[in-house]
*Asks:* 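Before anything else, here's the structure in question.
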Amino acid sequence: MTIAEQALARAVQRRMVRSVVIKDAEGYKALYGQLQTAMTNAWDNAMREGIAAALDRLRDLGPGKFTADDGAMILRVLEGSVGVDAIAAAMREPMVNLTDAFYRLGADEVGKATGVSIAFMRPDLDALDVLKSGNLYWVGNSWNVRTQNLMAKTLEDYFTEGMTREGLAARMAEDFGTLAERGRRYWEILADHTATKTRELGRVTGYERAEIAHVQVRAHLDEKTTSICRQMHGRIIPVTKLRAQANAYLDAVSVRNEPAAKEAWVMHGANADLSGTPTSGLAKGVAGPPYHFQCRTITVAYFDAPEGMPAIRQKITDRERLTKDERKAVLAHAGGAAFLGDKRARAKFQRHRANIPTQKLRDYEGDARALIDDPKAQLLLSNRVPLRNREKRPGEVVLHAVFAKPMKNRADGADGQLVTVLDLEENVIISHHWRNNQTSNADVSPAMVIKGKGVWQWLIG
C-alpha cells in the first residue's frame, strides 16, 4: 500500500470512528443485567434470612416491652446476614467476575471502533486487580453507610413507642419488608454505577493502547438529561486527564481512602453548575463519566482538528475564550451569510411582523442584515441542535450567532430584544424577530457575548 493509500485509509478509519459511539449496547446490557440480578438477589436472600433470624430471636426473648438492649441485639442478628462480611461474601464471585468483564468490555469497545487489538499489559492487570477488590469493598461498606442507619432507626422507633415484644413480630416483618425494597433500589443504583465506572476505566486503557489522544463527551440529550451532562456534552477531554483521574481513583481505592476516592471522581448533585467553567479549568476529579449516579453520558474517540466555524463551535462547547482574530473572523463570516428562501422568509415574516418594526416583506431581509451591521448590537455565540439534526442526529450541535439590541415589543410594549439569528455552519440567516431575552432555551451551551459595549461574558439561561 502506497503512502497516499495509507493516508486515505487512515482518514476513512478516522471518519468511521468519529461516527461510532463507543458503546456495545447489547454486550453492556447483558453484563449489566447479570450484575444487577446478582446484587439484588444476594440482598433479597440476605434480608430474608436476616428477618427470619431476627423474628426467631424476638420470640425467644419472651413477653415484655421491647428495649434498647433488645434493639441492639436484633441489629447484631441482622448484621450477621446483611452486614459487611455477609454481603461481601454473598456478592464476591459475581462482583469479581463481572468487574473483569466490564473492564475488558470497555477496552474492547475502543478496539472494535478503532480497528486496534487491545492487549492488556502488566499495569492494566494490576489496575484491574485493585478495581475488583475496590468494588467488592464498596459493596460490603454499604452496610455502614446505608443499611445500618435505616435499620437502627426502625428498631429505635419500636422501643421509644413502648411496643411489646409479642406485639412486634407482625409489625417488624412489615417494616423490614419495606426496608428490603428500599435497599433493593439502592443495590440497583449501585450496580448501575459500578458497571458504568468500571467500563469507563476499561476504555481509558483502550484509548491509550489505540493511541487516541482525545475523547469527546457525548450526553444522551432528551428531557431526562441532567444539567451537568448538558454542560459536559461535546467537550474535548485529553486522554492524559482521563488517565490521571483513573490513577487517582485507583490509588485511593487501593488504600480504602473514601474521601480521596470521591475527590478523584466527583459525583455531582442536582445543584452542580459547570456551565461557565472552561474545559481547561475543570477540576481534576471532573474528566470522564459517570458524572452523577445513573449517568448515561459516554465518551467517543476524537480525531478532528476542526477549522473555521467548527473550530469556533468547539471553543464555545469548551467554554474557552476566542482570540481577537477569531472574533473578527466570525463577524466577517456572518456578514456574508445567505438569507432565507422566499417561502421560509414569508412564513417567518408573517409570524413575527406584529412584534417588530418591519412592516413589509421586501424590507425583512434588509432589516435583518442591518442588525448584523449595527455597531451597537451585541453578538452572542452558542451551540444548539438545529431542526435538521433533531431526528437522526439529536446530539449534533451547530454553531449559532445572535445579533441583538434592546427593543420594546411593538405589539404590547414589553421589554425585550430585536434579534437576527444565523446558522454559522451553513452560514444562513434563519430568523429576524423579537424575543424577551437575548438567549434561547434551545441553546445547549450558554451564550458567549463577544461583541458589544466591551462586554465579554457568558449568558446562561
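Here the structure is a predicted model, which is why all the values come from computation and not from measurement.
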*Asks:* Mind checking the OG1-CD spacing from T299 to E200? Nearest 0.5 Å is all I need.
*Replies:* 4.0 Å
*Asks:* Decide side chain to side chain donor-acceptor pair (under 3.5 Å) for R256 and S133; before the verdict, give the C-alpha distance in whole Å, the side-chain angles of both, and the deciding distance to 0.1 Å.
*Replies:* CA-CA 10 Å; R256 306 296 187 256; S133 176; 2.5 Å; yes
*Asks:* Does L105 reach the side chain of Y28, with side-chain heavy atoms less than 4.5 Å apart?
*Replies:* yes
*Asks:* Check whether any side-chain N or O of R104 sits under 3.5 Å from a backbone N or O of F102 as a donor-acceptor pair, and report yes or no.
*Replies:* no
*Asks:* Could you tell me whether the side chain of L379 reaches within less than 4.5 Å of the side chain of V402, counting heavy atoms only?
*Replies:* no
*Asks:* Quick one: list whatever passes side chain to side chain donor-acceptor pair (under 3.5 Å) with R435, sequence neighbours left out.
*Replies:* none
*Asks:* Looking at D44 and R48, is any side-chain nitrogen of the basic one under 4.0 Å from a carboxylate oxygen of the acidic one?
*Replies:* no
*Asks:* Filter on salt bridge (charged side-chain N to carboxylate O under 4.0 Å, His left out), then keep only pairs touching residues 284-293, sequence neighbours left out; what's left?
*Replies:* none
*Asks:* For residues 271-298, which residue pairs pass the ring-ring contact (aromatic ring centres under 6.0 Å, His included) check, not counting sequence neighbours?
*Replies:* H193-F293
*Asks:* Short question: side chain of D69, backbone of A72 - any donor-acceptor pair under 3.5 Å?
*Replies:* no
*Asks:* Counting only heavy atoms not in E425 (residues, nucleotides, ligands), do more than 12 fall under 6.0 Å from its CD?
*Replies:* yes
*Asks:* Under the rule for side chain to side chain contact (heavy atoms under 4.5 Å, CB included), what residues qualify as partners of E208, not counting sequence neighbours?
*Replies:* V204, V239, R243
*Asks:* Provide the closest heavy-atom pair for A272 versus S227 in the form atom of the first, atom of the second, distance.
*Replies:* O-OG, 3.9 Å
*Asks:* Can you list the residues that meet the side chain to side chain donor-acceptor pair (under 3.5 Å) rule with S280, with sequence neighbours excluded?
*Replies:* E320
*Asks:* Tell me, which pairs form a ring-ring contact (aromatic ring centres under 6.0 Å, His included) where one or both residues lie in residues 107-136, sequence neighbours left out?
*Replies:* Y103-F120
*Asks:* Please say whether more than 12 non-hydrogen atoms of neighbouring residues, nucleotides or ligands are located less than 6.0 Å from CZ in R351.
*Replies:* no
*Asks:* When you check the side-chain N and O atoms of T67 and D70, is any donor under 3.5 Å from an acceptor?
*Replies:* yes
*Asks:* Side-chain donor-acceptor pair under 3.5 Å between Y32 and T196, yes or no?
*Replies:* no
*Asks:* Backbone N or O of G285 within a donor-acceptor pair of the Q245 side chain at under 3.5 Å?
*Replies:* yes
*Asks:* Report yes or no: do Y158 and D175 form a side-chain donor-acceptor pair below 3.5 Å?
*Replies:* yes
*Asks:* Would you tabulate the side-chain donor-acceptor contacts of residues 122-132 under 3.5 Å, counting partners in other chains and residues two or more places apart, or write 'none'?
*Replies:*
unit_1	atom_1	unit_2	atom_2	d
R122	NE	D126	OD1	2.9
R122	NE	D126	OD2	3.3
D124	OD1	R209	NH2	3.0
D124	OD2	M121	N	2.8
D124	OD2	R209	NE	3.3
D124	OD2	R209	NH2	2.8
K132	NZ	D100	OD2	3.2

*Asks:* State whether the side chain of E326 and the backbone N or O of I312 hold a donor-acceptor pair below 3.5 Å, judged by distance alone.
*Replies:* no
*Asks:* Go through it in stages, so that I can follow the logic: the residues are N135 and T194, the test is side chain to side chain donor-acceptor pair (under 3.5 Å), and I'd like the CA-CA distance, side-chain angles, deciding distance and then a yes or no.
*Replies:* CA-CA 7 Å; N135 284 348; T194 300; 5.1 Å; no
*Asks:* Residues two or more places apart in sequence or in another chain: which of them pass side chain to side chain donor-acceptor pair (under 3.5 Å) with R92?
*Replies:* none
*Asks:* Less than 4.5 Å apart, side chain to side chain, heavy atoms only: is that true for R296 and K224?
*Replies:* yes
*Asks:* Atom CD of residue position E156 - does it have more than 12 heavy atoms of other residues, nucleotides or ligands inside 6.0 Å?
*Replies:* yes
*Asks:* Under the ring-ring contact (aromatic ring centres under 6.0 Å, His included) rule, what pairs show up with a residue in residues 236-271, not counting sequence neighbours?
*Replies:* Y249-W265
*Asks:* I'd like to check the side chain to side chain contact (heavy atoms under 4.5 Å, CB included) partners of E188; sequence neighbours left out, ordered by chain and number.
*Replies:* Q36, T40, R184, R185
*Asks:* Under the side chain to side chain donor-acceptor pair (under 3.5 Å) test, which residues partner E307, sequence neighbours left out?
*Replies:* none
*Asks:* Which salt bridge (charged side-chain N to carboxylate O under 4.0 Å, His left out) pairs, counting each pair once, include a residue from residues 49-63, with sequence neighbours left out?
*Replies:* D56-R59
